[in-house]
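When a ligand or atom number is given, it counts from 1 through the structure's own listing order. Residue indices begin at 1 and follow the sequence shown.
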Amino acid sequence: MADVFRQYCHNSPTRRCMWVNGALIIGAGPSGLAVGACLKDRGVPFILLERSDCIASLWQNKTYDRLKLHLPKQFCQLPKLPFPDHFPEYPSKKQFIDYLESYAQHFDLKPRFNETVHCVSYDKTCNLWRVKTVVMKNGAELEYICQWLVVATGENSESVIPEIEGLEEFGLSRSVRHSCEYKSGEEFSGKKVLVVGCGNSGMEICLDLCLHNAFPTIVVRNSVHVLPREVMGKSTFEIAVMLLKWMPVWVVDKVLLVVAWLVLGNISKYGIRRPLVGPMELKNREGKTPVLDTGALEKIKNGDIKVVPGIKRFFAGKVELVNGQSIDIDSVILATGYRSNVPSWFQESEFFAKNGYPKKPFPNGWKGEAGLYAVGFTRRGLSGATVDAVRIAEDIAKVWREETKQAKQFSACHRRCISQV
Ligand SMILES: Cc1cc2nc3c(=O)[nH]c(=O)nc-3n(C[C@H](O)[C@H](O)[C@H](O)COP(=O)(O)OP(=O)(O)OC[C@H]3O[C@@H](n4cnc5c(N)ncnc54)[C@H](O)[C@@H]3O)c2cc1C
Ligand SMILES: NC(=O)C1=CN([C@@H]2O[C@H](COP(=O)(O)OP(=O)(O)OC[C@H]3O[C@@H](n4cnc5c(N)ncnc54)[C@H](OP(=O)(O)O)[C@@H]3O)[C@@H](O)[C@H]2O)C=CC1
Ligand SMILES: O=C(O)C(=O)Cc1c[nH]c2ccccc12
């Protein structure tokens, strides 16, 4: 994929070139929409580009039916428009998408859909960003030139597909798919399903499979924190956030682990070991999200979900595990996570690290040099994206106001644009 992108990076004689009046935002997920809304609010024009044919494509196209927000609603709403009062504590996927649609409508956000950014570079001769795109429907190539560039393509823009010996051959006769292609357990009824990966996706998919009379086995190759989503009716995450205002993170982690032990018991006897670093510290340090349990653990305890260690290799209809055990399986679901796709289209960047995240960690990763910004790479979900979006819009608006004032003073409209916002 990256090579295809690089190929496109060469100048094409047919490429249409457009000057952007204001900012260019890449990605119309919650992060891009939030920046758009905040810029609208401050009167700064922008163009919003989206590779897919809808807003929030991760939520609309790449998530399973039973998904709900796993943090309470106050941590998941975007700036300047709260969730409707009647929303439950944990809104469903449909409710969240409805909210995002009405958010886009409320702020009159009109992304340019089906346009994929494949190359970004900084032009030192004019101190502007050059953003090359391909229109997916007809292959047309466009180039945008802008002063402010906001990267909002997300932490989940590419699926991680591990290379495991024999997996390709296994897939020739049986179904293998990433968790982003899983909708419901209905089609797996009566089937033996191997779910690879024990994050929130893997655990919830196992639960969903159980509820549809399938037989899931989950691969847990490493240590992982599992916390109850709630303790005595109160969100564990909310408790942690509250405690973090008063105590250092390691103390909060100790409290969480005691609470988890009281509610869930000793889970190591089911094959789930805890990392040495506490859940919140691990999330902050490495971005590894603890599993917030919504019922899968109960199914592990009663044996409906089997837990196995890492995979050695696949054979036809079988998997061999690192402990030498071999089990028969009908299907594989790779709940192996996601990565940022930034490295495939943003080369030679001082700002982004090799893994496609800003080099500076939260709360300093939102602003780079020369009008470059990143939103939603905080490893703090939607609440992190909201913090970034507000800061970015404020920062851009400050310069915008100044420049617009100057332009008026000299009555020279140097902002006349070729493109229409
Ligand atoms: C299953 C699941 C459940 C989650 N649940 C929660 C939760 O409950 N609470 C929470 O806080 N967080 C949750 N998250 C984290 C998630 O990161 C956020 O919910 C949110 O989607 C992040 O928004 P975003 O706009 O940064 O990224 P995304 O939603 O991924 O949006 C990025 C957009 O950029 C577009 N794009 C990517 N590359 C290009 C390109 N080259 N050119 C043009 N467009 C491009 C994509 O098509 C996409 O629409 C969840 C994540 C997953 C996978
Ligand atoms: N609202 C909600 O309820 C939900 C929220 N989410 C969020 O979406 C994001 C992505 O979650 P998720 O999709 O679960 O991804 P994660 O990255 O959180 O988890 C991926 C898991 O796959 C494992 N893994 C990767 N490669 C292999 C391999 N080759 N063999 C065995 N195991 C492997 C990883 O283990 P290792 O640690 O060993 O690398 C890890 O446990 C998270 O932030 C999560 O919180 C997801 C689902 C539901
Ligand atoms: O679901 C996600 O991806 C999130 O990042 C939400 C989130 C932010 N901080 C956390 C700490 C514990 C569990 C979930 C989250």
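Heavy-atom separations between W59 and ligand 1 include at least one value shorter than 4.0 Å. Distances shorter than 4.0 angstrom occur between a heavy atom of P30 and an atom of ligand 1. Note on ligand 3: E155 sits outside its first shell, no heavy atom being nearer than 4.0 Å.
Proximity to H70 (heavy-atom distance under 4.0 Å) selects the following atoms of ligand 3: 1 (O), 2 (C). Residue K68 approaches ligand 2 through these ligand atoms, each under 4.0 Å from one of its heavy atoms: 1 (N), 2 (C), 3 (O).
Nearest to atom 42 (C) of ligand 2 among the protein's heavy atoms is T289 OG1, 3.6 Å. For atom 48 (C) of ligand 2, the nearest non-hydrogen atom of the protein is Y64 OH, 3.0 Å. The shortest contact between atom 19 (O) of ligand 2 and any protein heavy atom is with G199 CA, 3.8 Å.
Residue contacts with ligand 1, taken as heavy atom pairs separated by less than 4.0 Å, do not involve T133 at all. Under 4.0 Å from ligand 1, the heavy atoms of E115 that appear belong solely to its backbone.
For Y64, no nitrogen or oxygen atom sits less than 3.5 Å from a nitrogen or oxygen atom of ligand 1, counting backbone and side chain alike. Residue R51 places at least one N or O, backbone or side chain, under 3.5 Å from an N or O of ligand 1. The shortest N/O to N/O separation between C76 and ligand 1 does not fall below 3.5 Å. Taking any N or O of H70, backbone or side chain, at least one lies under 3.5 Å from an N or O belonging to ligand 1. In terms of polar-atom proximity, I26 is not counted as a contact of ligand 1, lacking any N or O under 3.5 Å from an N or O of the ligand.
Scanning M203, R221, E163 for the heavy atom closest to atom 32 (N) of ligand 2 points to R221. For atom 7 (C) of ligand 3, the nearest non-hydrogen atom from the set N156, L69, L71, T378 comes from L71.
Contact annotation for atom 28 (C) of ligand 2: protein present (non-hydrogen atoms, distance under 4.0 Å).
Figure legend: R229 and Y90 shown as a cation-pi pair, the cationic atom lying under 6.0 angstrom from the six-membered ring centre and within 45 degrees of its axis.
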